[in-house]
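Residue numbers start from 1 in every chain, and the chains themselves are labelled A, B, ... in the order their sequence lines are given, proteins ahead of strands.
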Protein chains: 2
Amino acid sequence: MAKRIRQIRPKAAKIADVAQLAGVSVATVSRTLARPEVVTEETRTRVLAAVRDTGYTPNISARNLRVRKTMVVLVAVPDIANPFFAEVLQGIDDTLSASGYGLIIANLAGPPEKEARYVDLVCAGQADGVLLLCGHVMRSADRDLRDAHVPLVAACEHIPGESFPQVTIDNVFAARCAARHLIDLGHTRIAYLSGPKSNILEQQRLEGFRQAVREAGIAVDAGLILPGDFTFATGVEGGRALLARAPKSRPTALFAANDEMAIGLIKTIHAAGLRVPKDLSVVGFDGIAYADYCEPTLTTIVQPRRDLGATAAAELIALMTTGKAPARNEIRLPASLVLRDSTCPPRA
Amino acid sequence: MAKRIRQIRPKAAKIADVAQLAGVSVATVSRTLARPEVVTEETRTRVLAAVRDTGYTPNISARNLRVRKTMVVLVAVPDIANPFFAEVLQGIDDTLSASGYGLIIANLAGPPEKEARYVDLVCAGQADGVLLLCGHVMRSADRDLRDAHVPLVAACEHIPGESFPQVTIDNVFAARCAARHLIDLGHTRIAYLSGPKSNILEQQRLEGFRQAVREAGIAVDAGLILPGDFTFATGVEGGRALLARAPKSRPTALFAANDEMAIGLIKTIHAAGLRVPKDLSVVGFDGIAYADYCEPTLTTIVQPRRDLGATAAAELIALMTTGKAPARNEIRLPASLVLRDSTCPPRA
DNA sequence: GATGGCAATGTAATCGATTACATCGGCATG
DNA sequence: CATGCCGATGTAATCGATTACATTGCCATC
């Protein structure tokens, strides 16, 4: 136990060691590894044998310094603990690592000075590109990021009027579909459970909701727009607010700006003895895994999470390698309304 | 729109530029930045001004090459999409980034060759340390990792007989508590919903379950050990298996080796018209956020996820900086049994 | 047989920061 | 006044890989 860990790492083999062992020059070793076809069959085998024997692996810092690339991209994510982003991340990781890129994750949930540190990293040439999974990067950091002229791609949150590629779903349209679904079922008193007002996604989803309601000729009741911030807890709050209303004036359906709030709300409604969907139909947004586990299963807009990540990553790779922006700057992936058990027509 | 992104990054300022502008040598610039107290007040201000004016940020690859450190640690995680690990990651991230370390995440969910690539990265000196969140690293890669003599710390899964520090909870003990809770409530026919047989956590939890049952003088019914693999889907399967039994021979309580399975199982039980906890008490394991959202809320063992991550990270930092292993190699953090609504005494 | 071309390999400059060692000037001490 | 020390700064070696350019030798061509 507690066997002392070797404190001094054995001096790793360097390219010169390999060269010496193989009886060639360092250039030949480097070439053998980078473009095997340019060296003789014979030297190639000798060099590769030497590589094996020495256990050589190239020092990446040295290479990076020389070629001025890092093969690393920085991914700024609002909150890794959020399962939604976790899945987007997987898509990113798959694509990126298939092309030999590593990714370093900047988790923005946390003290803001961390954010600054990550931006520094990028500026210091520690990343060849940046993937933004959220619209709100700190103002000052944001400037620095642009000034660094590092290839940049955003995903998930669409920021209007930006010049870098953005991969998102059409939130306005999707929200309109969701609301429309409730309307088609026959609901006319429909509530909306909001995300944080300043959030772009929230704004777009509310807009979609408004459009659908307006199209149906329903007046939007300001009292039915409930405040929230995308968390389970505010979903619970929303449920309480609903229950506080006189039964007559309660909505028969509700559209939540994300799934977590929808689930919190349903829980509260159930606790009060009312049933979803009979007494209240609920539609969510995002399509987190849990939406399919909860009771009742949640009708929701499912975003192609992995695909969003994968596409954004592919876009970034293109940008990093060709250096030019893609033809279409705003890439929209299809989202789908998945019908489950949390919606039904209103009671007669 | 599609404003062409600047293809050639403006040549970033280097230390020599700053030195020239400030009218000092590169050494002085470097010293000013690293140890401000050793230079004159006067030069310091001149240098800092020059740094600002040139927008200089040190090139990290060059620094790494020189000082043979990267200030990056590699975190091997079985599956980032799993919310449990996501929270552990947050703890890691907080601690690591507070000490100026970056982290690169090796997501092992995916093609095994990715794993090899990550190991290469470490061997190539791209990381100063490794944090393992799972016991099962590929055999061959495992060897390479040890051979690289890179500081290593494991968390979450305890691997008996290893020489590197491990930060975990006592799974056997915790599982025993969970089972004990059911026994104390008066249950005598208790089922166990397993994880994958080869998984160490599963083995430890099953062992804890067995101990509790044995202590209570209850015979372990092999038919009540249901197969599973930690996924929601196998939880559902487990539920079906239970329902397939004659009502008389059904257990009155069940301990699931993790929360996701417990939730899947409850869903199935409910769908069949039985109620949790009245007809079946259920205890889970892990304490994922969702365990507190579901209906009924889940009695479970909650692991100190953030703390596991933070402690492991702190341990790794110590190992990387002092180079010596800590006094205690096996660090156990306390887990707690949280009582919620999914358990109650059996019906008379 | 001289010449040009080409394929294979070697030599050395280079990337940008850190830091051991050298230098310089000033001041205190004997 | 010479000596030595110290604090501030400069000079240049160094980290390890890549690659432009140089070199070598061989073969084909005239």
Undergrad: Can you tell me the distance, in whole Å, between the CG atom of A/N59 and the P atom of C/dC15?
TA: 18 Å
Undergrad: Taking atom types as they are modelled, would you say the side chain of B/R66 forms a donor-acceptor pair with the base of D/dG16 within the 3.5 Å cutoff?
TA: no
Undergrad: Output yes when a side-chain donor or acceptor of A/D17 lies under 3.5 Å from a complementary backbone atom of A/K14, and no otherwise.
TA: yes
Undergrad: Closest-nucleotide mapping onto DNA chain C: is A/V26 or B/V67 further toward the 5' terminus? I mean the 5' end.
TA: A/V26
Undergrad: Is the backbone of A/P36 close enough, under 3.5 Å, to the side chain of A/R44 for a donor and an acceptor to pair up by distance?
TA: yes
Undergrad: Please report, rounded to the nearest Å, how far the C1' atom of C/dG16 is from the CG atom of B/D17.
TA: 10 Å
Undergrad: Among residues 32-40 of chain A, which residues get a heavy atom nearer than 4.0 Å to DNA chain C?
TA: A/V38, A/V39, A/T40
Undergrad: For the helix from C/dG1-D/dC30 to C/dG30-D/dC1, figure out the bend between the end axes, five pairs an end, and round to 10 degrees.
TA: 60°
Undergrad: Donor-acceptor pair, B/E157 side chain versus B/I200 backbone, under 3.5 Å?
TA: no
Undergrad: Nearest of C/dT9, D/dT18, C/dC21 to any side-chain atom of A/I15?
TA: D/dT18
Undergrad: So which nucleotide from C/dG16, C/dT19, D/dT18 ends up closest to the side chain of B/S30?
TA: C/dT19
Undergrad: Counting heavy atoms not belonging to A/Q20, are there more than 12 under 6.0 Å from its CD?
TA: no
Undergrad: Take B/T43 and A/A16, find for each the nucleotide of DNA chain D with the closest heavy atom, and name the residue whose nucleotide sits nearer the 5' end.
TA: B/T43
Undergrad: Calculate the interatomic distance between A/K69 atom NZ and D/dG16 atom P; express it in whole Å.
TA: 23 Å
Undergrad: Has A/D128 got a side-chain atom pairing as donor or acceptor with A/V73's backbone, closer than 3.5 angstrom?
TA: no
Undergrad: Give a yes or no answer on whether the side chain of A/S99 reaches the backbone of A/L96 with a donor-acceptor pair at less than 3.5 Å.
TA: no
Undergrad: In whole Å, I'd like the distance from the CZ atom of A/R68 to the P atom of C/dA13.
TA: 19 Å
Undergrad: Report the distance from atom OH of A/Y56 to atom C1' of D/dA17, rounded to the nearest whole Å.
TA: 6 Å
Undergrad: Which residue lies toward the 5' end of DNA chain D, B/S25 or B/A62, if each is placed at its nearest nucleotide?
TA: B/S25
Undergrad: Starting at atom CZ of B/R44, determine the distance to atom C1' of D/dG7, rounded to an integer number of angstrom.
TA: 14 Å
Undergrad: Using only atom types and a distance under 3.5 Å, with no angle test, would you say the side chain of B/R305 pairs donor to acceptor with the backbone of B/F84?
TA: no
Undergrad: If you look at every heavy atom in B/L133 and B/C156, which pair is closest and at what distance?
TA: O-CB, 4.2 Å
Undergrad: Check the distance between D/dA13's P and B/L65's CG and give it to me in whole angstrom.
TA: 17 Å
Undergrad: So, B/N329 and B/E162: side-chain donor and acceptor under 3.5 Å apart, yes or no?
TA: no
Undergrad: Rounded to whole Å, please give me the gap between CD in A/E42 and P in C/dA7.
TA: 19 Å
